[in-house]
Number of protein chains: 2
Amino acid sequence: MPNTQPLNQDLSLTVIKTVCSTCNLRELCLPFGLSLEELERLDDLISTRRRIKRGDYLYRVGDSFDAIYAIRSGFFKTDVLLEDGREQVTGFQMGGELLGLDGISTEHHTCNAIALEDSEICAIPFARLESLSREIHTLQRHFHKVMSREIVRDHGVMMLLGTMRAEERLAAFLLNLSQRFTARGFSHTEFYLRMTREEIGSYLGLKLETVSRAFSRFQEEGHIAVQQKHVRILNVDGLKALLNQRA
Amino acid sequence: MPNTQPLNQDLSLTVIKTVCSTCNLRELCLPFGLSLEELERLDDLISTRRRIKRGDYLYRVGDSFDAIYAIRSGFFKTDVLLEDGREQVTGFQMGGELLGLDGISTEHHTCNAIALEDSEICAIPFARLESLSREIHTLQRHFHKVMSREIVRDHGVMMLLGTMRAEERLAAFLLNLSQRFTARGFSHTEFYLRMTREEIGSYLGLKLETVSRAFSRFQEEGHIAVQQKHVRILNVDGLKALLNQRA
DNA sequence: GCTTCGGCTTGATCCACGTCAACCGGGAAT
DNA sequence: ATTCCCGGTTGACGTGGATCAAGCCGAAGC
């Protein structure tokens with residue numbers, strides 16, 4: 001497939017902003033581990049950037065698949081729906097993470113991806129990604145690792161849903177968010193939740209009231225300070241202690 | 001990497017049995033969609049076949065990863081353990097399915113794979129699979145689809161664990177087994193469970209007593225006939241009707 | 001043959017979380 | 001400023017599945 005990306009021009013700031021090689025998320029995202037030269041070849045893939053407004057769908061169940069998406073900024077949830085309307089949130093995604101891997105299997109998306117705040121994504125045409133990863137060893141390897149990491153993450157969620165009690169689940173959830181915010185240079189003790197109690201509940205297999213009560217309980221016990229979507233972790237070890245203790 | 005596989009010899013039945021191109025699971029497994037010529041190149045990868053006795057580990061958490069495994073015959077479970085000993089079964093795998101994808105991410109396995117009956121697997125050295133899939137387009141594509149399918153499957157399990165009631169979970173589980181047995185040419189109405197009630201329970205996020213009661217209930221209602229590990233499905237539609245009905 | 005043991009079933013009771021309902025508070029619309 | 005509405009909190013109560021406990025059955029060992 002020919003390279004359809006225009007060559008960089010000296011003074012174009014806009015071009016600089018649309019490429020992987022200068023993206024400040026490159027160490028978290030697909031470009032991880034690539035050489036400078038390889039990075040520039042990856043730049044050619046990222047033909048489209050798109051803004052997704054809060055509440056809008058990036059893709060829906062059944063949409064035909066032809067690209068995966070890297071989150072440049074913002075916050076998403078993915079979910080699957082049962083015929084009777086029950087929703088299961090399968091994940092929350094933030095900057096540098098990839099969306100759309102579910103679509104490779106059938107060439108149609110099998111879940112919905114919805115922006116929880118105004119967001120910006122890079123579309124990566126999948127056929128071109130495959131073809132480039134046939135040439136760039138490290139890209140191929142890294143892409144495989146990303147897919148595998150998603151599988152491992154899913155196993156963690158199964159563990160959470162299958163064996164943990166409500167407060168354990170919420171503690172695990174908060175610690176996971178904290179750790180991912182840290183990796184992005186944000187505070188690991190203080191953050192705004194982008195999702196509602198109901199969405200957290202759906203992800204954790206709980207009802208929103210149970211989530212709310214668990215938040216209140218954590219606050220009573222001094223582990224966190226919480227006011228609506230604003231969370232401050234006061235005692236990380238306290239939260240960690242809630243994990244891995246048998247019922 | 002050199003080809004270490006001996007050349008086929010006219011009369012060698014054992015050689016014929018060790019390659020993908022004549023494997024009767026090839027349409028379910030990695031070779032799916034490959035041409036005859038491509039198949040023969042894949043044959044060269046499968047250097048080792050291994051027998052795993054019932055109860056033995058194919059790999060354990062922490063083992064270093066260098067191959068994925070195709071199940072040639074038999075039945076496995078994969079699980080993850082919490083420090084306090086709680087177990088979550090993350091899946092049951094049968095002939096033609098791949099094991100070990102979890103290890104790609106960190107180059108160490110993150111779950112255990114245990115044979116539930118005497119089994120036989122083909123080890124596929126991962127570095128060589130990657131290198132071959134850089135050359136064979138269709139192999140690359142198919143491997144990506146397999147990984148993606150695993151992610152989609154995991155989403156289904158999350159849905160099950162997050163939103164379904166006990167009897168729905170068991171019905172979904174039985175229908176899933178039935179469908180996979182069908183794809184392998186076995187009866188879709190009658191089969192032996194290779195796993196215990198406790199393992200089913202762990203997979204479904206239930207206790208073994210609850211699983212047992214659900215089996216009994218299905219039997220009372222005429223959906224199935226069950227005696228220990230032997231299950232006969234009498235009314236597929238009855239089971240399907242248990243799904244997708246709100247609490 | 002008898003015994004043992006692991007897996008399964010079934011009953012009685014308990015409890016974590018769901019359900020239902022009231023209320024609160026902040027942001028948006030008018 | 002008033003109203004509306006959505007998301008969140010909290011309380012009272014109900015229940016599905018967990019827990020505890022007893023007994024059953026079939027395979028394996030002696």
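All chains are named by letter (A, B, ...) in the order of the sequence lines, taking the proteins before the strands, and each is independently numbered beginning at 1.
Taking the six-membered ring where tryptophan is involved, the planes of Tyr59(B) and Tyr69(B) are essentially parallel, since the angle between them stays under 30° and well short of 60°.
Considering CD of Glu117(A) and CZ of Arg194(A), their distance stands at 4.5 Å, rounded to 0.5 Å. With rounding to the nearest 0.5 angstrom, the CG atom of Leu175(A) is 6.5 Å from the CG atom of Leu243(A). To the nearest 0.5 Å, atom OG1 of residue Thr210(B) and atom CD of residue Glu167(B) are 10.5 Å apart.
Atom CZ of Arg217(B) is separated from atom C1' of dT9(C) by 16 Å (rounded to the nearest Å). A straight line from CD of Glu198(B) to P of dC5(C) spans 18 Å, rounded to a whole angstrom. Between the C1' atom of dG8(D) and the CG atom of Leu193(A) lies a distance of 12 Å, rounded to the nearest Å. Going from atom CG of Leu161(B) over to atom P of dC17(C) covers 15 Å, rounded to whole Å. Rounded to an integer number of Å, the gap from CZ of Phe218(B) to P of dT9(C) is 13 Å. As rounded to whole Å, 14 Å separates atom C1' of dG27(C) from atom CD of Gln227(A). Rounded to a whole Å, the CG atom of Leu208(B) is 8 Å from the C1' atom of dC8(C). One interatomic measurement links the two molecules: CD of Glu168(A) to P of dA16(C), which rounds to 13 Å at whole-angstrom precision.
A salt bridge is defined here as a Lys NZ or Arg NE, NH1 or NH2 lying under 4.0 Å from an Asp or Glu carboxylate O, and Arg149(B) with Glu97(B) fails to meet this definition.
For the pair His223(A)/Leu242(A), a side-chain contact is recorded, criterion being any heavy-atom separation below 4.5 Å from C-beta on. Between Phe181(A) and Ser187(A), every side-chain heavy-atom pair lies at or beyond the 4.5 Å cut-off.
Contact annotation: Ser216(A) side-chain N/O to dT10(D) OP1/OP2 distance is under 4.0 Å.
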List every contact pair, protein side and nucleotides 20-25 of chain C side both N or O, where the distance is under 3.5 Å.
from    : atom 1 : to        : atom 2 : distance (Å)
dC20(C) : N4     : Glu209(A) : OE2    : 3.3

For nucleotides 13-17 of chain D, which of its nitrogen or oxygen atoms have a protein nitrogen or oxygen under 3.5 Å away, and what is each distance?
from    : atom 1 : to        : atom 2 : distance (Å)
dG17(D) : OP1    : Ala166(B) : N      : 2.8

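Taking the screw axis at each terminus of the helix from dG1(C)-dC30(D) to dT30(C)-dA1(D) from five consecutive base pairs, the angle between the two is 40° to within rounding of 10 degrees.
By the side-chain hydrogen bond (donor to acceptor under 3.5 Å, both in side chains) test, Tyr203(B) pairs with Arg153(B), sequence neighbours left out. Shown here are the side-chain hydrogen bond (donor to acceptor under 3.5 Å, both in side chains) partners of Gln93(B), two or more places apart in sequence or in another chain: Thr78(B). For Glu190(A), the side-chain hydrogen bond (donor to acceptor under 3.5 Å, both in side chains) partners are His230(A), not counting sequence neighbours.
In terms of position on DNA chain C, the residue among Lys229(B) and Val211(A) whose nearest nucleotide sits closer to the 5' end is Lys229(B).
Aromatic ring centres of Phe65(A) and His109(A) lie closer together than 6.0 Å.
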